[in-house]
**Q** 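Following this message is one structure expressed as C-alpha coordinates.
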Amino acid sequence: MTDNVEQTLKNFGVIIGQESTFVDEYEIERGMIKRFAQTIEDPNPLFYDEEYAKNTSYCGIIAPPTFLFEWNHHSAFPTETSFSPGDEDTTPIFDHDKAPVFWGRAQNEYELFEPLRPGDVIHCRSRVSDAYEKQTKAGPMVFLVGETIYTNQKGVLLGIHRETMFATPKAV
Amino acid sequence: MISKQLYFEDVNEGTELPPKSKPIESKHLVMYEAVTWDFYPGHYDRDYAKGQGGFKDIYVDGPMVIAWYGHMLTDWIGNDGRIQKVIGRYKNSMYPGDTITTHGKVVKKYTEGNRNLVELDLQAENQNGATTSTGKATVTLPSR
(Lines give C-alpha, C1' and ligand atoms only; values in the text may rest on other atoms or scores of the structure.)
Protein backbone atom coordinates (compact mmCIF):
# COMPACT_ATOMS: atom_id res chain seq x y z
CA MET A 1 0.00 0.00 0.00
CA THR A 2 1.48 3.38 -0.97
CA ASP A 3 1.57 6.35 1.41
CA ASN A 4 -1.03 8.12 -0.72
CA VAL A 5 -3.40 5.17 -0.51
CA GLU A 6 -2.89 4.91 3.25
CA GLN A 7 -3.47 8.64 3.74
CA THR A 8 -6.59 8.60 1.55
CA LEU A 9 -8.10 5.71 3.51
CA LYS A 10 -7.33 7.61 6.72
CA ASN A 11 -8.91 10.82 5.36
CA PHE A 12 -12.09 8.97 4.55
CA GLY A 13 -12.02 6.96 7.74
CA VAL A 14 -12.44 3.65 5.92
CA ILE A 15 -10.76 0.31 6.45
CA ILE A 16 -10.52 -2.11 3.54
CA GLY A 17 -12.86 -5.05 4.00
CA GLN A 18 -14.74 -3.63 6.99
CA GLU A 19 -18.40 -4.38 6.39
CA SER A 20 -21.38 -2.22 7.24
CA THR A 21 -25.00 -3.27 6.96
CA PHE A 22 -28.08 -1.21 6.39
CA VAL A 23 -31.75 -2.17 6.31
CA ASP A 24 -34.36 0.35 5.30
CA GLU A 25 -37.38 0.65 7.53
CA TYR A 26 -39.66 1.36 4.55
CA GLU A 27 -40.62 -0.80 1.62
CA ILE A 28 -40.18 0.20 -2.02
CA GLU A 29 -43.39 1.81 -3.24
CA ARG A 30 -44.92 2.04 -6.71
CA GLY A 31 -44.82 5.84 -6.51
CA MET A 32 -41.05 5.87 -5.97
CA ILE A 33 -40.58 3.60 -8.98
CA LYS A 34 -42.78 5.75 -11.19
CA ARG A 35 -41.01 8.94 -10.07
CA PHE A 36 -37.63 7.43 -10.99
CA ALA A 37 -38.93 6.42 -14.44
CA GLN A 38 -40.37 9.91 -14.93
CA THR A 39 -37.07 11.51 -13.94
CA ILE A 40 -35.13 9.60 -16.60
CA GLU A 41 -38.07 10.05 -19.04
CA ASP A 42 -38.62 6.35 -19.60
CA PRO A 43 -42.32 5.84 -20.41
CA ASN A 44 -42.18 2.00 -20.30
CA PRO A 45 -45.51 0.84 -18.73
CA LEU A 46 -43.61 -1.99 -17.02
CA PHE A 47 -42.64 0.60 -14.41
CA TYR A 48 -46.13 1.87 -13.50
CA ASP A 49 -49.01 -0.01 -15.21
CA GLU A 50 -49.92 -3.09 -13.14
CA GLU A 51 -52.39 -4.44 -15.75
CA TYR A 52 -49.74 -4.28 -18.45
CA ALA A 53 -46.89 -5.55 -16.27
CA LYS A 54 -48.73 -8.60 -14.90
CA ASN A 55 -49.13 -9.95 -18.44
CA THR A 56 -45.38 -9.87 -19.07
CA SER A 57 -42.71 -12.37 -18.00
CA TYR A 58 -42.14 -10.17 -14.93
CA CYS A 59 -45.73 -10.84 -13.71
CA GLY A 60 -45.93 -7.35 -12.19
CA ILE A 61 -44.41 -3.91 -11.92
CA ILE A 62 -40.65 -3.73 -11.59
CA ALA A 63 -38.27 -0.81 -11.08
CA PRO A 64 -36.03 0.51 -13.88
CA PRO A 65 -32.79 -1.49 -13.82
CA THR A 66 -30.52 1.02 -12.07
CA PHE A 67 -32.95 2.23 -9.39
CA LEU A 68 -31.84 -0.47 -6.94
CA PHE A 69 -28.26 0.80 -7.00
CA GLU A 70 -29.27 4.40 -6.40
CA TRP A 71 -31.89 3.60 -3.80
CA ASN A 72 -31.48 5.93 -0.86
CA HIS A 73 -27.97 6.55 -2.09
CA HIS A 74 -26.60 3.96 0.26
CA SER A 75 -22.93 3.53 -0.50
CA ALA A 76 -19.83 1.78 0.74
CA PHE A 77 -18.32 5.24 1.16
CA PRO A 78 -19.09 7.85 3.78
CA THR A 79 -21.00 10.69 2.14
CA GLU A 80 -22.57 13.86 3.35
CA THR A 81 -26.00 12.34 2.84
CA SER A 82 -25.70 8.92 4.42
CA PHE A 83 -28.98 9.13 6.23
CA SER A 84 -32.41 7.61 5.83
CA PRO A 85 -35.56 9.49 4.94
CA GLY A 86 -37.10 10.40 8.27
CA ASP A 87 -33.87 10.38 10.23
CA GLU A 88 -33.60 13.40 12.46
CA ASP A 89 -29.84 13.33 12.59
CA THR A 90 -28.64 14.56 9.23
CA THR A 91 -25.21 15.62 10.49
CA PRO A 92 -22.67 15.10 7.72
CA ILE A 93 -20.36 12.22 8.49
CA PHE A 94 -18.11 13.27 5.65
CA ASP A 95 -17.62 16.93 4.86
CA HIS A 96 -16.53 17.49 1.26
CA ASP A 97 -15.56 21.07 1.97
CA LYS A 98 -13.17 20.20 4.79
CA ALA A 99 -11.69 17.10 3.16
CA PRO A 100 -8.06 17.46 2.06
CA VAL A 101 -8.89 15.72 -1.21
CA PHE A 102 -11.29 16.21 -4.07
CA TRP A 103 -13.05 13.02 -4.90
CA GLY A 104 -15.43 11.97 -7.56
CA ARG A 105 -16.84 8.97 -9.34
CA ALA A 106 -14.77 7.17 -11.94
CA GLN A 107 -17.04 4.21 -12.67
CA ASN A 108 -20.15 2.36 -11.53
CA GLU A 109 -20.73 -1.31 -12.24
CA TYR A 110 -24.14 -2.84 -11.65
CA GLU A 111 -24.72 -6.58 -11.66
CA LEU A 112 -28.40 -7.54 -11.76
CA PHE A 113 -29.85 -10.80 -10.46
CA GLU A 114 -33.55 -10.25 -9.73
CA PRO A 115 -35.68 -7.18 -10.43
CA LEU A 116 -36.61 -4.76 -7.66
CA ARG A 117 -40.38 -4.75 -7.03
CA PRO A 118 -42.91 -2.72 -5.05
CA GLY A 119 -43.07 -4.12 -1.50
CA ASP A 120 -39.42 -5.11 -1.39
CA VAL A 121 -37.46 -4.07 1.69
CA ILE A 122 -33.82 -3.62 0.80
CA HIS A 123 -30.96 -4.95 2.88
CA CYS A 124 -27.44 -3.71 2.06
CA ARG A 125 -24.04 -5.08 2.94
CA SER A 126 -21.23 -2.71 2.00
CA ARG A 127 -17.47 -2.64 2.22
CA VAL A 128 -14.55 -0.91 0.59
CA SER A 129 -13.06 -3.81 -1.30
CA ASP A 130 -9.94 -2.33 -2.85
CA ALA A 131 -7.68 0.73 -2.87
CA TYR A 132 -4.81 1.42 -5.26
CA GLU A 133 -2.74 4.19 -6.79
CA LYS A 134 -2.36 4.70 -10.51
CA GLN A 135 -0.56 7.16 -12.73
CA THR A 136 -3.05 9.15 -14.80
CA LYS A 137 -2.81 12.07 -17.21
CA ALA A 138 -3.60 14.30 -14.23
CA GLY A 139 -0.82 12.79 -12.11
CA PRO A 140 -0.90 10.06 -9.46
CA MET A 141 -4.42 9.27 -8.33
CA VAL A 142 -5.84 7.06 -5.63
CA PHE A 143 -8.80 4.84 -6.53
CA LEU A 144 -11.13 3.26 -3.99
CA VAL A 145 -13.55 0.48 -4.91
CA GLY A 146 -16.70 0.01 -2.84
CA GLU A 147 -18.99 -2.96 -3.10
CA THR A 148 -22.60 -3.17 -1.95
CA ILE A 149 -24.66 -6.36 -2.04
CA TYR A 150 -28.43 -5.86 -2.10
CA THR A 151 -30.93 -8.49 -0.95
CA ASN A 152 -34.65 -8.21 -0.26
CA GLN A 153 -36.71 -9.19 2.80
CA LYS A 154 -36.81 -12.81 1.58
CA GLY A 155 -33.03 -12.99 1.36
CA VAL A 156 -33.13 -13.00 -2.46
CA LEU A 157 -30.02 -11.49 -4.06
CA LEU A 158 -31.13 -8.54 -6.19
CA GLY A 159 -27.86 -6.96 -7.26
CA ILE A 160 -24.24 -6.09 -6.62
CA HIS A 161 -22.87 -2.60 -7.05
CA ARG A 162 -19.17 -1.87 -7.48
CA GLU A 163 -18.32 1.80 -7.38
CA THR A 164 -14.88 3.21 -8.16
CA MET A 165 -14.08 6.63 -6.71
CA PHE A 166 -10.98 8.71 -7.38
CA ALA A 167 -9.26 11.09 -4.98
CA THR A 168 -6.76 13.82 -5.76
CA PRO A 169 -5.16 16.29 -3.34
CA LYS A 170 -6.96 19.64 -3.42
CA ALA A 171 -5.08 22.68 -4.72
CA VAL A 172 -4.19 24.85 -1.71
CA MET B 1 -41.36 2.29 -25.79
CA ILE B 2 -41.12 -1.44 -26.30
CA SER B 3 -42.76 -2.47 -29.56
CA LYS B 4 -41.72 -6.07 -30.25
CA GLN B 5 -39.58 -8.80 -28.73
CA LEU B 6 -35.96 -9.03 -29.87
CA TYR B 7 -34.51 -12.53 -30.31
CA PHE B 8 -30.93 -13.79 -30.10
CA GLU B 9 -31.07 -14.74 -33.77
CA ASP B 10 -31.88 -11.11 -34.73
CA VAL B 11 -28.58 -9.85 -33.34
CA ASN B 12 -25.09 -9.87 -34.84
CA GLU B 13 -21.72 -8.48 -33.88
CA GLY B 14 -21.82 -4.87 -35.04
CA THR B 15 -25.59 -4.49 -34.60
CA GLU B 16 -26.29 -0.97 -33.35
CA LEU B 17 -29.01 -0.10 -30.86
CA PRO B 18 -31.47 2.68 -31.62
CA PRO B 19 -29.88 5.70 -29.87
CA LYS B 20 -31.77 7.73 -27.26
CA SER B 21 -31.46 11.47 -26.81
CA LYS B 22 -32.07 13.23 -23.51
CA PRO B 23 -32.29 17.02 -23.47
CA ILE B 24 -31.22 18.02 -19.94
CA GLU B 25 -32.79 20.79 -17.91
CA SER B 26 -31.90 21.83 -14.35
CA LYS B 27 -35.15 20.23 -13.20
CA HIS B 28 -33.91 16.77 -14.25
CA LEU B 29 -30.87 17.12 -11.97
CA VAL B 30 -33.03 18.20 -9.05
CA MET B 31 -35.56 15.41 -9.70
CA TYR B 32 -32.76 12.85 -9.77
CA GLU B 33 -31.30 14.13 -6.49
CA ALA B 34 -34.73 13.91 -4.88
CA VAL B 35 -35.64 10.46 -6.16
CA THR B 36 -32.25 8.97 -5.20
CA TRP B 37 -31.99 11.01 -1.97
CA ASP B 38 -28.50 12.18 -2.92
CA PHE B 39 -28.15 15.85 -2.06
CA TYR B 40 -24.59 16.47 -3.10
CA PRO B 41 -24.58 20.25 -3.69
CA GLY B 42 -22.62 20.01 -6.96
CA HIS B 43 -25.84 18.73 -8.52
CA TYR B 44 -28.17 21.55 -7.43
CA ASP B 45 -26.18 24.55 -6.14
CA ARG B 46 -24.68 26.56 -9.02
CA ASP B 47 -22.35 28.65 -6.82
CA TYR B 48 -21.07 25.55 -5.07
CA ALA B 49 -20.46 23.73 -8.37
CA LYS B 50 -18.60 26.66 -9.93
CA GLY B 51 -16.59 27.13 -6.71
CA GLN B 52 -15.24 23.60 -7.00
CA GLY B 53 -13.22 24.63 -10.04
CA GLY B 54 -13.48 22.91 -13.38
CA PHE B 55 -17.29 22.97 -13.51
CA LYS B 56 -19.20 25.63 -15.46
CA ASP B 57 -22.57 24.90 -13.85
CA ILE B 58 -24.36 22.28 -11.76
CA TYR B 59 -23.50 18.91 -13.25
CA VAL B 60 -25.34 15.66 -13.85
CA ASP B 61 -24.90 12.92 -11.25
CA GLY B 62 -22.82 10.27 -13.07
CA PRO B 63 -25.10 7.27 -12.51
CA MET B 64 -27.93 9.14 -14.28
CA VAL B 65 -26.19 8.31 -17.55
CA ILE B 66 -26.30 4.61 -16.59
CA ALA B 67 -30.03 5.02 -15.98
CA TRP B 68 -30.26 6.35 -19.56
CA TYR B 69 -28.24 3.36 -20.78
CA GLY B 70 -30.81 1.26 -18.90
CA HIS B 71 -33.65 2.94 -20.81
CA MET B 72 -31.97 2.24 -24.14
CA LEU B 73 -31.22 -1.37 -23.16
CA THR B 74 -34.66 -2.30 -21.74
CA ASP B 75 -36.36 -0.91 -24.84
CA TRP B 76 -34.02 -2.93 -27.07
CA ILE B 77 -34.12 -6.29 -25.26
CA GLY B 78 -37.89 -6.25 -24.76
CA ASN B 79 -39.79 -7.81 -21.86
CA ASP B 80 -38.20 -11.25 -22.26
CA GLY B 81 -34.59 -10.05 -22.35
CA ARG B 82 -32.67 -9.38 -19.14
CA ILE B 83 -29.80 -7.06 -18.29
CA GLN B 84 -27.06 -9.00 -16.48
CA LYS B 85 -24.57 -6.23 -16.06
CA VAL B 86 -24.14 -2.58 -16.98
CA ILE B 87 -21.06 -0.42 -16.43
CA GLY B 88 -20.65 3.32 -16.90
CA ARG B 89 -17.37 5.25 -16.86
CA TYR B 90 -17.35 9.03 -16.59
CA LYS B 91 -15.35 11.07 -19.09
CA ASN B 92 -16.75 14.59 -19.31
CA SER B 93 -19.26 16.51 -17.19
CA MET B 94 -22.85 16.91 -18.37
CA TYR B 95 -24.73 20.16 -17.77
CA PRO B 96 -28.25 21.62 -18.05
CA GLY B 97 -28.69 22.69 -21.68
CA ASP B 98 -26.82 19.66 -22.98
CA THR B 99 -28.53 16.98 -25.05
CA ILE B 100 -27.01 13.62 -24.21
CA THR B 101 -27.38 10.80 -26.74
CA THR B 102 -26.68 7.21 -25.73
CA HIS B 103 -25.40 4.64 -28.21
CA GLY B 104 -24.87 0.90 -28.01
CA LYS B 105 -23.24 -1.66 -30.27
CA VAL B 106 -23.04 -5.47 -30.09
CA VAL B 107 -19.44 -6.64 -29.70
CA LYS B 108 -19.98 -10.32 -28.93
CA LYS B 109 -22.75 -12.95 -28.86
CA TYR B 110 -22.41 -16.42 -27.40
CA THR B 111 -24.29 -19.18 -25.63
CA GLU B 112 -23.39 -20.32 -22.13
CA GLY B 113 -25.42 -23.28 -20.84
CA ASN B 114 -28.98 -22.38 -21.79
CA ARG B 115 -28.34 -18.63 -21.76
CA ASN B 116 -27.99 -16.54 -24.90
CA LEU B 117 -25.60 -13.74 -24.01
CA VAL B 118 -24.88 -10.52 -25.84
CA GLU B 119 -22.10 -8.10 -24.90
CA LEU B 120 -22.35 -4.45 -25.82
CA ASP B 121 -20.18 -1.35 -25.88
CA LEU B 122 -21.99 1.76 -24.73
CA GLN B 123 -21.29 5.42 -25.21
CA ALA B 124 -22.89 8.74 -24.35
CA GLU B 125 -22.07 11.97 -26.13
CA ASN B 126 -23.20 15.56 -25.90
CA GLN B 127 -24.52 17.82 -28.67
CA ASN B 128 -20.94 18.78 -29.60
CA GLY B 129 -19.92 15.19 -30.15
CA ALA B 130 -17.81 14.99 -26.96
CA THR B 131 -17.91 11.62 -25.21
CA THR B 132 -19.31 12.08 -21.71
CA SER B 133 -19.33 8.39 -20.77
CA THR B 134 -18.34 5.00 -22.07
CA GLY B 135 -19.72 1.73 -20.81
CA LYS B 136 -20.35 -1.93 -21.26
CA ALA B 137 -23.35 -4.17 -20.82
CA THR B 138 -24.19 -7.85 -20.90
CA VAL B 139 -27.76 -8.93 -21.65
CA THR B 140 -29.57 -12.19 -22.27
CA LEU B 141 -32.08 -12.64 -25.07
CA PRO B 142 -34.68 -15.34 -25.76
CA SER B 143 -34.26 -17.69 -28.69
CA ARG B 144 -36.91 -18.23 -31.39
Side-chain angles (χ1 to χ4, degrees), chain A residues 31-47 52-53 55-58 62-67 69-75 79-85 90 92 96-97 102 104-115 159-166 170-171, chain B residues 1-2 5 20-24 27-42 48 51-55 59 61-75 77-91 93 133-139 142:
Chain A
M32 297 160 70
I33 292 173
K34 184 173 180 179
R35 290 278 180 264
F36 187 87
Q38 285 175 313
T39 299
I40 61 166
E41 298 188 329
D42 187 340
N44 192 333
L46 198 51
F47 306 136
Y52 171 86
N55 292 310
T56 69
S57 59
Y58 291 105
I62 61 162
T66 67
F67 182 49
F69 308 99
E70 282 282 57
W71 161 83
N72 201 23
H73 195 59
H74 185 74
S75 165
T79 73
E80 80 287 354
T81 53
S82 292
F83 58 88
S84 283
T90 57
H96 282 269
D97 296 328
F102 175 76
R105 283 197 185 89
Q107 173 176 306
N108 288 80
E109 175 183 317
Y110 304 144
E111 206 174 339
L112 295 87
F113 294 90
E114 290 293 332
I160 300 176
H161 178 190
R162 293 179 196 91
E163 180 168 50
T164 308
M165 308 292 291
F166 67 88
K170 263 183 190 165
Chain B
M1 183 73 79
I2 292 164
Q5 183 56 51
K20 290 240 181 265
S21 284
K22 304 281 184 182
I24 304 170
K27 73 173 184 187
H28 297 115
L29 277 66
V30 174
M31 287 163 77
Y32 198 75
E33 297 318 283
V35 80
T36 62
W37 209 255
D38 173 3
F39 299 105
Y40 180 59
Y48 182 93
Q52 286 184 294
F55 297 108
Y59 47 94
D61 194 5
M64 199 170 177
V65 77
I66 313 183
W68 294 328
Y69 288 150
H71 182 185
M72 176 175 69
L73 290 166
T74 46
D75 274 12
I77 64 178
N79 287 339
D80 294 336
R82 295 287 183 269
I83 300 172
Q84 306 286 307
K85 191 186 267 195
V86 57
I87 301 172
R89 296 188 190 106
Y90 310 115
K91 302 291 180 191
S93 300
S133 162
T134 59
K136 286 187 176 298
T138 307
V139 302

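In this text the structure is predicted, and so the values were computed from the model without any measurement. Below, chain A is the first sequence line, B the second, and so on; all start at residue 1.
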**Q** Does the side-chain contact (heavy atoms from CB on, under 4.5 Å) test come out yes or no for A:Asn44 and B:Asp75, once each step is laid out?
**A** CA-CA 8 Å; A:Asn44 192 333; B:Asp75 274 12; 4.2 Å; yes

**Q** For A:Arg35, look at atom CZ and say whether over 12 heavy atoms of other residues, nucleotides or ligands are found less than 6.0 Å away.
**A** no

**Q** Under a 4.5 Å heavy-atom cut-off, does chain B meet the side chain of A:Thr66, its backbone, both or neither?
**A** side chain

**Q** Got a sec, which residues hit ring pair (Phe, Tyr, Trp, His ring centres under 6.0 Å) with A:Phe47, two or more places apart in sequence or on another chain?
**A** none

**Q** Run B:Thr74 and A:Asp42 through side-chain contact (heavy atoms from CB on, under 4.5 Å) and show every step you take.
**A** CA-CA 10 Å; B:Thr74 46; A:Asp42 187 340; 4.0 Å; yes

**Q** Return the CD to CD1 distance between A:Glu111 and B:Ile83, rounded to the nearest 0.5 Å.
**A** 13.0 Å

**Q** Would you give the length of the straight line joining atom CZ of B:Arg89 to atom OG1 of A:Thr164, rounded to the nearest 0.5 angstrom?
**A** 9.0 Å

**Q** Which atom names give the shortest non-hydrogen contact between B:Gly81 and A:Tyr58, and what distance separates them?
**A** O-OH, 3.5 Å

**Q** Only pairs of heavy atoms separated by less than 4.5 Å count here; which of B:Gly70, B:Gly135, B:Ala67 has the most with chain A?
**A** B:Ala67

**Q** Regarding A:Glu41 and B:Lys22, does a basic nitrogen lie under 4.0 Å from an acidic carboxylate oxygen?
**A** no

**Q** Is it true that the NZ or CZ of B:Arg82 lies under 6.0 Å from the centre of A:Phe113's six-membered ring and within 45 degrees of the ring axis?
**A** no

**Q** List the steps, then state whether side-chain contact (heavy atoms from CB on, under 4.5 Å) holds for A:Leu112 with B:Lys85.
**A** CA-CA 6 Å; A:Leu112 295 87; B:Lys85 191 186 267 195; 5.7 Å; no

**Q** Relative to chain B, which segment of A:Pro65 carries a heavy atom at a distance below 4.5 Å: side chain, backbone, both, or neither?
**A** side chain

**Q** With chain B as the partner, which of A:Ala106, A:Pro115, A:Ala37, A:Pro64 has the greatest number of non-hydrogen pairs under 4.5 Å?
**A** A:Ala106

**Q** Kindly determine whether A:Glu70 and B:Asp61 satisfy side-chain contact (heavy atoms from CB on, under 4.5 Å), including the steps that lead there.
**A** CA-CA 11 Å; A:Glu70 282 282 57; B:Asp61 194 5; 3.8 Å; yes

**Q** Between B:Thr138, B:Thr134, B:Asp80, which shows the greatest number of heavy-atom pairs under 4.5 Å with chain A?
**A** B:Asp80

**Q** Which heavy-atom pair separates B:His71 from A:Ile40 by the least distance, and what is that distance?
**A** ND1-O, 4.1 Å

**Q** Would you say A:Ser57's side chain and B:Asn79's backbone share a donor-acceptor pair under 3.5 angstrom?
**A** yes

**Q** Does a side-chain heavy-atom distance below 4.5 Å link A:Arg162 with B:Ile87?
**A** no

**Q** Name all residues meeting the salt bridge (Lys or Arg N to Asp or Glu O under 4.0 Å) criterion together with B:Glu33; count only those two or more places apart in sequence or in a different chain, and write none if there are none.
**A** none

**Q** Answer yes or no: is there a side-chain heavy-atom contact under 4.5 Å between A:Tyr110 and B:Ile66?
**A** yes

**Q** How far apart are the closest heavy atoms of B:Pro63 and A:Arg105, and which atoms are they?
**A** CD-NH1, 3.6 Å

